[in-house]
Chemist: 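Here it is, the structure in full.
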Number of protein chains: 2
Amino acid sequence: MLKRLGRFLASTLLFACIANAQTAPQASREWTAAHRQQILDQFTRLLAIPNVARDTENIRRNADTLLGMLKERGVDVRLLSIPDASPVVYGEIRAPQAQHTIVFYAHYDGQPVTPADWAGGDPFKPVFRTENGETRIYARSASDDKAAILAQLTALDALHAAHIPLKSNIRFVWEGEEEAGSPHLEQILKANRDLITGDVWLICDGPVDQSGAQSVVFGARGDTHLEITVYGPRRELHSGHYGNWAPNPAMMLVQLLTGMKDDSGRVLIPHFYDGMKPLSPLEQEAIARAPKNDEKLKQELWLGHVDGGGKPLLEVLNYPTLNINGISSGRTGPRANNVIPATATVDLDLRLAVEIDWRQQQDRVIDYIRSQGYFVTEREPEAQTLLAHPKVAFVKRDSGYNAVRTPLDLPIAAAVIKAVETAHNPVVLWPTMGGSVPLGAIERAASTHTILVPIANYDNNQHSANENIRLQNLWDGIETMAALMAMN
Amino acid sequence: MLKRLGRFLASTLLFACIANAQTAPQASREWTAAHRQQILDQFTRLLAIPNVARDTENIRRNADTLLGMLKERGVDVRLLSIPDASPVVYGEIRAPQAQHTIVFYAHYDGQPVTPADWAGGDPFKPVFRTENGETRIYARSASDDKAAILAQLTALDALHAAHIPLKSNIRFVWEGEEEAGSPHLEQILKANRDLITGDVWLICDGPVDQSGAQSVVFGARGDTHLEITVYGPRRELHSGHYGNWAPNPAMMLVQLLTGMKDDSGRVLIPHFYDGMKPLSPLEQEAIARAPKNDEKLKQELWLGHVDGGGKPLLEVLNYPTLNINGISSGRTGPRANNVIPATATVDLDLRLAVEIDWRQQQDRVIDYIRSQGYFVTEREPEAQTLLAHPKVAFVKRDSGYNAVRTPLDLPIAAAVIKAVETAHNPVVLWPTMGGSVPLGAIERAASTHTILVPIANYDNNQHSANENIRLQNLWDGIETMAALMAMN
């Protein structure tokens, strides 16, 4: 099996030797070294614009700013809009005698923020911090995903300055709702089908391999969410006056959740893994060849044990998950009170594997809740409902998207790997990355394949407080983007 | 058994007929009716002073205000202080030819507040609201426990105005740390032993029977707390990149807690109920004679089921509890993120039954945590500790106090019941109330018995947002206090 993957990689290297894209990363390295302050100024100005998807006013400021940045570089631009959705920032460069059309996808919105949890107090006030000789920028979306956008813009500058011609038509599709689950992306793309077709979509999002090596990633987990609320008394009660009698919703939720997983993290909900597509021999081989980071990660993350029954992280990314994003009932710490809370809520995220539909996976969880004696309702229950059933669960379904895995051996995949290798060698091939990007929506709307080329450091605190990007990852990412833009 | 309790109650009624305390409630009813505005003005001024026990500056303002209010009424006053503790407000009235010394206990501190949860936005800005022809005052400590203090002060005014002589020496002990677990009360009382002795301590705290009938209560649950934190990764992780591999601390906590109780609310921790003193026949009889409120309560609280295996609320108050006051990990609702949280925390309160020591009960829970494969530490664990053990629990013990039940058939108990009956008839006798007041500390320091005479409405949102007192309960409470002050 190793031999087969070896032959495949060798063929891409062969391509690299006879091609002449070598100059693109080199040119961008030189240009970047000479313009660091200017690049960082642009970046921090961009990061200073708040970008939580539901903050429509600031989302619009982000879109307009990005439109301007593309326009300054001579790119044909427009906003792709539909009502009540963040606009997609769209740009296009037509290359004479182009062989390919390559679409660069990134997103300009970021995860919700809790400013109090940030060391700097303001997620939209970028902070530079140097530790162990390594500088990072801390801000929401520093890594996820404005760094990719800035790398693409800077790569254009570098190629232009070095007079390196583009050999493909380049299209930019920068979304403004990815962290909200891309609820309108497919609709927007389908309404602009002519603009967004391409031989491949390069998804510039997510972190590189934990070893630091550049990864090229052939799939992403799907994702969906369920919010589950269970009910105790109508109002919080004094825990002394009613303890042993009024049911505690936190304990009810605990008892409901506990049966969903075993001690090793395996999901026990019936049919949870049914229908999943197994890894191909080539995919298994890629996992076997990837750097072994798990032990180092355990140390770094202070983990005394891990889930997954001994399988490597890169493998278990290909299976569906059930994960508690958050649980809350009553209050803890200094704000704790002697109460029986009125409700308890859990936010579950369900990462999906190829061939498991997100609606089906939601149904499996809901069926399980029902099997535990709960009356399940999808609207907030009233007194009558609560009184009529011993246990009531209010389930809010989020939208979702399915997992995608692009076959490792497509011809366009070889070209992408080759281009990235001109910037960084060796590259690590991942069948699936952990992040969930809307690959399915893209593949359906644009009838194309997707490949992910991430640039962020793995320890970027993506989705959490103190999100950051290592400056070196930004510089490396610019080279990667330049190499891809100049690819044959 | 019913016959025995019947004889006991008849004897107290006999006392009532030959005594002449009848005038005290009557006098206070008339005085109260003529001075409502003045009483409410005093009350709202008192409620407007923030009173969370750790807010030392405002606690001091409360104490000084109360000292002034007692002094205006000719009471000998002083603050009983020790360093780093809220002072006890102390007052004394000596009656010529007194037969008894009666100590009136209440507390002037209140539970922590979360202003955003209050309808009025500010727990220290009292709001009057009338619904269904019934007016309530909403503010922190409106019921728990400044109403009792105001009722005692007003009862003094009424008795004074009607020239009704006190037949007992009266002492006031108003604590400022009850909601923080009375950590210094015993020490303060012991340092002032001569001041605080009495034939009985009347604890004016808690709600009356859910039927609205005046209750006289012979005990209180003890209480203590444990805060338990379990650990996932060192920092929050992106749930896509690490889900199925990095352990989720919320799920670990769920799995730890679930084994602590069964579906019916029975605690499964080994030895949890060991050593508990059973209810005496007289106590069982009192429970059997009390109004049957449980069905009405279920309806009112929208409860589709209750814990306790079919036993009435009044009975299960006599058993120890394990209750989740709060649980938190990650975030839920609009602030939820796609993360694997770093930690998960639960606040447990353990209500205690007679003859079970709070330290012993904490140990039982901790032993159970250990039995589930956890390394338990009582200081925040460092990297080394987390890496050395598959599962680590950081347990913070709170202080606590033990349960107390005063025998129903003491002579002083008969006198108290008789006095209360002059104001309200019938009274309901409870062996134990749900609230946990520091009866044990009082009994040890003052070598006396304690009896609780609550005045608040049962639905007062004690310990939660929108705490309130029904005005009628305040007026009734003034009569009760006057009757007790004038008792033979």
Side-chain angles (χ1 to χ4, degrees), chain A residues 111-112 114 221 233-234 236 238-248 250-251 254-255 257-258 261 265 301-308 313 316 319 321 323-332 335-340 345 347 349 351 383 386-387 389-390 434-436 461-464, chain B residues 111-112 114 221 233-236 238-248 250-251 254-255 257-258 261 265 301-308 313 316 319 321 323-332 335-340 345 347 349 351 383 386-387 389-390 434-436 462-464:
Chain A
Q111 278 273 318
T114 305
R221 287 176 147 176
R234 175 185 184 181
E236 277 189 358
H238 183 290
S239 61
H241 295 317
Y242 295 94
N244 274 354
W245 187 81
N248 187 308
M251 187 53 88
V254 156
Q255 288 168 337
L257 292 169
T258 200
K261 278 184 127 168
L301 296 171
W302 299 355
L303 291 175
H305 82 287
V306 291
D307 289 347
L313 172 55
V316 297
Y319 307 132
T321 74
N323 177 60
I324 298 176
N325 283 153
I327 186 169
S328 61
S329 182
R331 290 155 299 280
T332 57
R335 290 171 56 239
N337 299 101
N338 274 334
V339 296
I340 298 172
T345 297
D347 245 88
D349 82 313
R351 301 279 166 176
L386 293 165
L387 281 164
H389 306 276
S436 297
N461 292 340
Q462 199 182 352
H463 290 199
S464 300
Chain B
Q111 279 273 318
T114 305
R221 287 176 148 177
R234 175 187 183 178
R235 58 172 185 274
E236 277 189 0
H238 183 291
S239 60
H241 295 316
Y242 295 94
N244 276 352
W245 188 80
N248 185 307
M251 188 53 86
V254 156
Q255 289 168 337
L257 292 170
T258 201
K261 276 183 128 170
L301 296 171
W302 299 354
L303 291 175
H305 82 287
V306 292
D307 289 346
L313 172 56
V316 297
Y319 306 133
T321 75
N323 177 60
I324 298 176
N325 284 152
I327 186 169
S328 60
S329 182
R331 289 154 299 281
T332 57
R335 290 171 56 238
N337 300 101
N338 274 335
V339 297
I340 298 172
T345 298
D347 245 89
D349 81 313
R351 300 279 167 176
L386 292 166
L387 281 164
H389 306 276
S436 296
Q462 197 180 355
H463 290 200
S464 299

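Below, chain A is the first sequence line, B the second, and so on; all start at residue 1.
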Chemist: Within this structure, what is the CE-NZ distance for the pair Met251(B) and Lys261(A), rounded to the nearest 0.5 Å?
Modeler: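 Reported value, rounded in 0.5 Å steps: 5.5 Å.
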Chemist: Looking only at side-chain N and O atoms, does Asn461(A) offer a donor or acceptor that is under 3.5 Å from a partner on Arg235(B)?
Modeler: yes
Chemist: Top residue by heavy-atom pair count (under 4.5 Å) with chain A, among Pro112(B), Ala336(B), Ser329(B), Ala246(B)?
Modeler: Ser329(B)
Chemist: Against chain B, label His463(A) side chain, backbone, both or neither, depending on which of its atoms sit under 4.5 Å from a heavy atom there.
Modeler: both
Chemist: What residue, out of Asn338(B), Leu301(B), Val339(B), has the most heavy-atom pairs lying under 4.5 Å from chain A?
Modeler: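 Winner by heavy-atom pair count: Asn338(B).
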Chemist: With a 4.5 Å limit on heavy-atom distance, are the side chains of Asn337(B) and Asn325(A) in contact?
Modeler: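 Not touching, per the 4.5 Å side-chain cut-off.
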Chemist: What option among Val316(A), Val254(A), Leu257(A) has the most heavy-atom pairs under 4.5 Å with chain B?
Modeler: Val254(A)
Chemist: For Arg331(A), is it the side chain, the backbone, both, or neither that has a heavy atom closer than 4.5 Å to a heavy atom of chain B?
Modeler: both
Chemist: Determine the sole option in Asn323(A), Thr321(A), Asp307(A) for which the side-chain hydrogen bond (donor to acceptor under 3.5 Å, both in side chains) test with Asn248(B) is passed.
Modeler: Asn323(A)
Chemist: Can you tell me which of Ile340(A), Thr345(A), Leu387(A) forms the most heavy-atom pairs within a distance under 4.5 Å of chain B?
Modeler: Leu387(A)
Chemist: Looking only at heavy atoms, what is the nearest atom pair of Thr114(A) and Arg335(B), with distance?
Modeler: CG2-NH2, 3.0 Å
Chemist: Measure Asp349(A) against the heavy atoms of chain B and call it side chain, backbone, both or neither at under 4.5 Å.
Modeler: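 Only the side chain of Asp349(A) comes within 4.5 Å of chain B.
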Chemist: Go through Ser328(B), Gly243(B), Pro247(B) and name the one with the most non-hydrogen pairs under 4.5 angstrom from chain A.
Modeler: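 Top option by heavy-atom pairs under 4.5 Å: Pro247(B).
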Chemist: Go through it in stages, so that I can follow the logic: the residues are Val306(A) and Tyr242(B), the test is side chain to side chain contact (heavy atoms under 4.5 Å, CB included), and I'd like the CA-CA distance, side-chain angles, deciding distance and then a yes or no.
Modeler: CA-CA 10 Å; Val306(A) 291; Tyr242(B) 295 94; over 6 Å; no
Chemist: Heavy-atom cut-off 4.5 Å, strictly under: side chain, backbone, both or neither for His389(B) against chain A?
Modeler: backbone
Chemist: So which of Asp347(B), Ile324(B), Leu386(B) has the biggest tally of heavy-atom pairs under 4.5 Å with chain A?
Modeler: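 The residue among Asp347(B), Ile324(B), Leu386(B) with the greatest pair count is Ile324(B).
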Chemist: So, Arg221(A) side chain and Gly240(B) main chain: donor-acceptor pair closer than 3.5 Å or not?
Modeler: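 The answer is yes, because a donor-acceptor pair under 3.5 Å joins these two groups.
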Chemist: Counting heavy-atom pairs under 4.5 Å with chain B, which one of Gly308(A), Ser464(A), Gly330(A) comes out on top?
Modeler: Ser464(A)
Chemist: Write down the atom of Tyr319(A), the atom of Asn244(B), and the distance for their closest heavy-atom approach.
Modeler: O-ND2, 3.3 Å
Chemist: Look at Gly265(B), Pro233(B), Ser239(B) and state which one has the largest set of heavy-atom pairs under 4.5 Å with chain A.
Modeler: Ser239(B)
